[in-house]
Amino acid sequence: MHSCLVTISGSTLLRIFGGRLSDIYTFLTEERLPDGWESRVRDQMGLTFFSFNRTVFGVELGIKEEVDQPLNLL
């Protein structure tokens, strides 16, 4: 469940900011949109559930989890 929420959050940043790290950094550290910022979503219909879910699935499928090793907390 947690990994799904993280994937959705990361995909939101990736899709809205178009992967521009400087914009994402400003948004996360200064809690504001960068000066002159414009959305990278330029589709005619805007950000649809279908286009967003394509991003989520692409991110989720690109994650390699370490499931073969036990969690070492000590």
Side-chain angles (χ1 to χ4, degrees):
M1 176 75 169
H2 184 262
S3 67
C4 183
L5 294 175
V6 171
T7 300
I8 292 170
S9 297
S11 297
T12 302
L13 293 173
L14 178 65
R15 185 76 176 149
I16 300 297
F17 289 99
R20 290 193 173 197
L21 294 181
S22 61
D23 289 354
I24 294 171
Y25 180 81
T26 301
F27 180 73
L28 293 175
T29 59
E30 300 177 19
E31 298 181 354
R32 66 176 181 87
L33 294 173
D35 296 331
W37 180 83
E38 292 183 19
S39 174
R40 303 294 183 248
V41 178
R42 301 288 187 196
D43 298 331
Q44 180 180 5
M45 300 297 289
L47 180 60
T48 63
F49 281 113
F50 179 74
S51 65
F52 179 69
N53 284 335
R54 278 194 343 226
T55 304
V56 172
F57 290 134
V59 170
E60 184 65 30
L61 293 174
I63 295 174
K64 180 181 178 184
E65 296 186 31
E66 297 179 8
V67 295
D68 295 332
Q69 299 176 351
L71 184 60
N72 186 4
L73 298 175
L74 299 176

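Start at 1 with the first residue, then count along the sequence.
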Please output the side-chain donor-acceptor pairs of residues 12-24 that fall under 3.5 Å, not counting sequence neighbours, one pair per line with the distance.
{"residue": "T12", "atom": "OG1", "partner": "I8", "partner atom": "O", "Å": "2.8"}
{"residue": "R15", "atom": "NH2", "partner": "D43", "partner atom": "OD2", "Å": "3.2"}
{"residue": "D23", "atom": "OD2", "partner": "R40", "partner atom": "NH2", "Å": "2.9"}

Give a yes or no on whether F52 atom CZ has more than 12 heavy-atom contacts from other residues, nucleotides or ligands under 6.0 Å away.
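Result for CZ/F52: enclosed.
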Hphob cluster co-occupancy, W37 + F27, side-chain heavy atoms under 4.5 angstrom:
yes
Group every Ile, Leu, Val, Met, Phe, Trp and Tyr by side-chain heavy-atom contacts under 4.5 Å, then state whether F57 and V41 land in the same group.
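Different clusters.
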Spacing of N53 atom CG and F49 atom CZ [to the nearest 0.5 Å]
8.0 Å
Under the rule for side chain to side chain donor-acceptor pair (under 3.5 Å), what residues qualify as partners of T48, not counting sequence neighbours?
S51
Which residues satisfy the side chain to side chain donor-acceptor pair (under 3.5 Å) test with E31, sequence neighbours excluded?
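Residues passing side chain to side chain donor-acceptor pair (under 3.5 Å) with E31: none at all.
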Restricting to side chain to side chain contact (heavy atoms under 4.5 Å, CB included), what partner residues turn up for R32, sequence neighbours left out?
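R32 satisfies side chain to side chain contact (heavy atoms under 4.5 Å, CB included) with T26, E30, D35 once adjacent residues are dropped.
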According to salt bridge (charged side-chain N to carboxylate O under 4.0 Å, His left out), does anything in residues 49-59 pair up with another residue at least two apart or in another chain? List the pairs.
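Applying salt bridge (charged side-chain N to carboxylate O under 4.0 Å, His left out) to every pair that reaches into residues 49-59, excluding sequence neighbours, yields nothing.
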